[in-house]
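Being a predicted model, the structure only gives us computed values, none of them experimental. Index from 1, following the sequence.
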Amino acid sequence: MKTFKIKTQNHLILGIIGALKTCSTGQGIRIMYDLKINRGNYDTQIEFVRKDGKDINAVDFFMLGYIVGRDYNN
């Protein structure tokens, strides 16, 4: 799999963006992946594509989800 997309409510996307900016796991994902954000009124989609063209590592997003749920979801 070369592309990973997350589409969810805006308040959850804000938690994901916060984690991508401030925690080491999120910063590592920003280094390894190109991000494309399609904003909507109620929901937003983030698309992740590996910069090196390799397959996506599912563990990256499992850990990001864990961190967002624990620390960034109000």
Side-chain angles (χ1 to χ4, degrees):
M1 179 169 60
K2 306 284 185 206
T3 303
F4 180 72
K5 297 177 184 178
I6 299 171
K7 184 172 184 175
T8 190
Q9 299 166 347
N10 287 337
H11 73 279
L12 297 173
I13 292 291
L14 291 175
I16 293 168
I17 291 171
L20 290 170
K21 291 181 178 180
T22 60
C23 78
S24 60
T25 300
Q27 291 169 348
I29 288 173
R30 287 180 60 197
I31 290 169
M32 293 176 26
Y33 294 86
D34 286 322
L35 305 173
K36 182 179 177 185
I37 300 175
N38 298 318
R39 296 187 188 273
N41 290 330
Y42 303 105
D43 59 1
T44 297
Q45 177 176 299
I46 303 177
E47 181 177 349
F48 299 85
V49 179
R50 286 279 302 243
K51 290 181 179 179
D52 59 9
K54 294 181 181 178
D55 284 339
I56 287 175
N57 185 356
V59 173
D60 292 340
F61 295 98
F62 175 82
M63 290 308 301
L64 181 66
Y66 173 76
I67 291 167
V68 168
R70 183 188 69 189
D71 298 333
Y72 293 87
N73 191 9
N74 293 327

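Contact check for Asp60 versus Met32: side-chain heavy atoms found under the 4.5 Å cut-off. You'll find the side chain of Leu12 stays beyond 4.5 Å of the side chain of Thr44, heavy atoms only. Contact of the Ile46 side chain with the Thr8 side chain is not registered, since no non-hydrogen atoms from C-beta on lie closer than 4.5 Å. Side-chain contact between Ile16 and Tyr72 is absent, with no heavy-atom pair separated by less than 4.5 Å. Proximity of Lys2 to Ile56: side-chain heavy atoms (C-beta onward) are nowhere separated by under 4.5 Å. Between Val49 and Phe4 the shortest side-chain heavy-atom distance does not fall below 4.5 Å.
Heavy atoms only, all atoms of each residue included: Asn41 and Asn10 are closest at O-ND2, 3.0 Å. Taking each heavy atom of Leu64 and Gly26 in turn, the nearest pair found is CD1-CA, 4.3 Å. Contact detail for Cys23 and Ile67: the closest heavy-atom pair is SG-CG2, 4.0 Å. The two atoms that bring Lys51 and Arg30 nearest to each other are NZ-O, 3.6 Å, heavy atoms only. Closest approach of Asp52 and Arg50 over heavy atoms only: OD2-NH2, 2.7 Å.
Interatomic distance, CD of Gln45 versus CD1 of Ile37, reported as 10.5 Å (0.5 Å rounding). Here the straight-line distance linking atom CD of Glu47 with atom CG of Asn38 works out to 7.5 Å at 0.5 Å rounding. Interatomic distance, Lys36 NZ to Lys5 NZ, rounded to the nearest 0.5 Å: 8.0 Å.
The hydrophobic cluster containing Val68 does not contain Leu14, counting ILVMFWY residues as joined when their side-chain heavy atoms lie under 4.5 angstrom apart, directly or transitively. With hydrophobic clusters built from ILVMFWY side chains whose heavy atoms lie under 4.5 angstrom apart, Met63 does not share a cluster with Ile31.
Heavy atoms of other residues, nucleotides or ligands lying less than 6.0 angstrom from CZ of Arg70 number more than 12. The number of heavy atoms from other shown groups lying within 6.0 Å of NZ (Lys54) does not exceed 12.
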What do the steps show when you test Phe48 against Thr3 for side chain to side chain contact (heavy atoms under 4.5 Å, CB included), and what is the final call?
CA-CA 6 Å; Phe48 299 85; Thr3 303; over 6 Å; no
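Scored by the ring pair (Phe, Tyr, Trp, His ring centres under 6.0 Å) test, Tyr33 finds Phe61 as partners (sequence neighbours excluded).
Counted by atom type alone, Tyr66 and Thr25 present zero donor-acceptor pairs between their side chains at under 3.5 Å.
Checked by atom type and distance alone, the side chain of Asp43 never pairs as donor or acceptor with a backbone atom of Lys7 at under 3.5 Å. A donor-acceptor pair under 3.5 Å is formed between the side chain of Gln27 and the backbone N or O of Lys21.
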